[in-house]
Undergrad: 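Have a look at this one before I ask anything.
In this chain, numbering begins with 1 at the start of the sequence shown. Keep in mind it's a predicted model, so treat the numbers as computed, not measured.
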Amino acid sequence: MPYEAEVVLEGFLALDTPEGFRAELIEGEIVVKSTPDGNHEHCLSRVLGQVILQSSTDMQVSENKGLKLASAGCWPQDHVIPDMTLVPREGRPFRGAAPWMPCDGVIMVGEVTSTRPEADREVKRRCYARGGIPFYLLIDRDASSVTLFRDPEKGDYRRHCTVSFGKPLALPEPFAFDLDTTDFL
């Protein structure tokens with residue numbers, strides 16, 4: 001890793017983020033975000049509740065779990081905090097995990113857009129694809145839509161399906177249910 005990248009990573013890992021904020025290292029940029037608003041949390045809780053109750057595979061969920069992902073070029077590994085991280089409960093992958101865990105075994109991550117929607121739409125999508133995470137769920141409040149990205153390859157997702165709020169979104173195995181988005185309106 002080049003010296004500049006090492007300095008950025010060391011500086012990031014040494015941050016003492018104030019209460020109510022969280023920091024991420026994304027494609028060489030340190031990003032500090034505030035605590036999400038209630039509408040953000042409402043959408044997130046609606047998705048997580050459905051996954052827990054309806055998924056064909058017993059899932060374990062985490063909100064705001066730090067993940068280490070493959071780097072973009074000469075930058076250090078991305079350190080990203082998805083709004084939600086889903087893993088099969090079998091094997092209990094969160095137990096004993098470090099604050100920044102590898103993304104091995106992560107089935108899906110999700111983001112609800114907030115103050116930086118372009119980062120969720122573009123930059124984080126690429127990060128998650130580089131990490132090989134099979135599914136990325138984007139709840140885009142500005143566009144009133146939900147998109148499921150799948151089949152990561154070469155730093156992006158090859159397929160996606162977008163529905164407007166109010167329409168069901170089919171989630172494939174290991175979930176195998178239609179995500180109800182009516183309450184996102």
Side-chain angles (χ1 to χ4, degrees), residues 5 8-9 12-13 22-33 36 40-41 43-48 50-51 55 57 59-89 91 93-94 97-143 145-163 169-175 179 181 184:
V8 169
L9 180 59
F12 169 74
L13 293 174
R22 60 185 183 177
E24 299 174 298
L25 178 58
I26 304 172
E27 295 185 349
E29 179 183 0
I30 296 174
V31 179
V32 178
K33 300 189 312 189
H40 178 282
E41 294 303 292
C43 291
L44 190 58
S45 70
R46 295 298 300 142
V47 171
L48 294 177
Q50 291 179 65
V51 167
S55 181
T57 299
M59 290 288 169
Q60 190 173 12
V61 300
S62 177
E63 293 183 56
N64 304 308
K65 178 68 187 128
L67 297 178
K68 288 192 290 188
L69 305 166
S71 67
C74 64
W75 295 108
Q77 276 187 303
D78 290 318
H79 287 65
V80 181
I81 304 172
D83 291 332
M84 68 175 177
T85 302
L86 302 166
V87 297
R89 185 174 300 277
F94 292 131
W100 295 100
M101 70 179 238
C103 59
D104 303 335
V106 173
I107 297 298
M108 179 165 40
V109 291
E111 298 285 353
V112 179
T113 59
S114 54
T115 56
R116 295 182 48 166
E118 286 306 316
D120 294 331
R121 293 178 191 133
E122 300 292 330
V123 180
K124 283 193 165 185
R125 186 191 77 231
R126 291 191 307 265
C127 288
Y128 298 139
R130 276 195 306 274
I133 297 172
F135 301 103
Y136 171 41
L137 186 72
L138 174 64
I139 300 169
D140 193 324
R141 296 188 296 167
D142 295 334
S145 66
V146 182
T147 302
L148 179 66
F149 296 93
R150 57 193 294 190
D151 299 329
E153 185 178 285
K154 297 180 183 175
D156 209 346
Y157 287 93
R158 293 184 302 155
R159 297 180 4 183
H160 72 277
C161 177
T162 302
V163 299
L169 176 66
L171 298 180
E173 286 290 342
F175 305 99
L179 181 68
T181 69
F184 296 175

Undergrad: State the CZ-CG distance between Phe175 and Leu169, to the nearest 0.5 angstrom.
TA: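 Spacing of CZ (Phe175) from CG (Leu169) equals 11.0 Å.
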Undergrad: Mind listing the closest non-hydrogen atom pair of Met84 and Val47 along with its distance?
TA: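 What the structure gives for the nearest pair is CE-CG1, 3.6 Å.
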Undergrad: Measure across Ala70 and Arg130 and return the closest heavy-atom pair with its distance rounded to 0.1 Å.
TA: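 Smallest heavy-atom distance, with atoms named: O-NE, 3.4 Å.
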Undergrad: Can you sort out the partners of Tyr157 under ring-ring contact (aromatic ring centres under 6.0 Å, His included), two or more places apart, ordered by chain and number?
TA: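 By the ring-ring contact (aromatic ring centres under 6.0 Å, His included) rule, Tyr157 matches no residue at all.
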Undergrad: Side-chain donor-acceptor pairs under 3.5 Å in residues 100-114, sequence neighbours left out?
TA:
{"residue": "Glu111", "atom": "OE2", "partner": "Lys124", "partner atom": "NZ", "Å": "3.0"}
{"residue": "Glu111", "atom": "OE2", "partner": "Tyr128", "partner atom": "OH", "Å": "2.5"}
{"residue": "Thr113", "atom": "OG1", "partner": "Arg141", "partner atom": "N", "Å": "2.8"}

Undergrad: What's the separation between atom NZ in Lys68 and atom NE2 in His79, rounded to the nearest 0.5 Å?
TA: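 It is 5.5 Å, given to the nearest 0.5 Å.
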Undergrad: Out of curiosity, Ile81 CD1 to Arg22 CZ, how far, rounded to the nearest 0.5 Å?
TA: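 Rounded to the nearest 0.5 Å, the CD1-CZ separation comes out at 5.5 Å.
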Undergrad: Find out whether Ile133 and Leu69 are in side-chain contact, i.e. whether some heavy atom of one side chain is under 4.5 Å from a heavy atom of the other.
TA: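 Result yes, sub-4.5 Å side-chain heavy-atom pair found.
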Undergrad: How many angstroms lie between atom CG of Leu86 and atom CG of Leu137, to the nearest 0.5 angstrom?
TA: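 So the CG of Leu86 and the CG of Leu137 are separated by 8.5 Å.
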Undergrad: Side chains of Arg150 and Cys161: closer than 4.5 Å at any heavy-atom pair?
TA: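 They are not in side-chain contact.
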Undergrad: Determine, step by step, whether Phe149 and Asp156 satisfy the side chain to side chain contact (heavy atoms under 4.5 Å, CB included) criterion, reporting the C-alpha distance in whole Å, the side-chain angles of both residues, the deciding distance to 0.1 Å, and the verdict.
TA: CA-CA 9 Å; Phe149 296 93; Asp156 209 346; 5.7 Å; no
Undergrad: Could you go through the side chain to side chain contact (heavy atoms under 4.5 Å, CB included) check for Thr147 and Asp140 one step at a time?
TA: CA-CA 8 Å; Thr147 302; Asp140 193 324; over 6 Å; no
Undergrad: So Val31 and Arg116, side chain to side chain contact (heavy atoms under 4.5 Å, CB included) or not? Walk me through it.
TA: CA-CA 10 Å; Val31 179; Arg116 295 182 48 166; 3.1 Å; yes
Undergrad: Side chain to side chain contact (heavy atoms under 4.5 Å, CB included), that's the test. Do Thr162 and His160 meet it? Break it down for me.
TA: CA-CA 7 Å; Thr162 302; His160 72 277; 3.7 Å; yes
Undergrad: For Ala129 and Pro152, work out which heavy atoms get closest and say how close.
TA: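 So the minimum-distance heavy-atom pair works out to O-CB, 3.6 Å.
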Undergrad: Specify the closest pair of heavy atoms between Met59 and Pro88, including all atoms of both residues, with the distance to one decimal.
TA: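 Result for this residue pair: SD-N, 3.8 Å.
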Undergrad: In chain order, what residues pass the ring-ring contact (aromatic ring centres under 6.0 Å, His included) check against His40, with sequence neighbours excluded?
TA: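 For His40, no residue satisfies ring-ring contact (aromatic ring centres under 6.0 Å, His included) once neighbours in sequence are set aside.
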Undergrad: For residues Asp120 and Tyr136, report the shortest heavy-atom separation together with the two atoms involved.
TA: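 Between these two residues, the closest heavy atoms are O-OH, 2.7 Å.
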Undergrad: Between Phe135 and Leu148, which heavy-atom pair has the shortest distance, and what is it?
TA: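 Smallest heavy-atom distance, with atoms named: CB-CD1, 4.0 Å.
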Undergrad: Working to the nearest 0.5 Å, report the span between CD of Glu173 and OG of Ser55.
TA: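 So the CD of Glu173 and the OG of Ser55 are separated by 8.0 Å.
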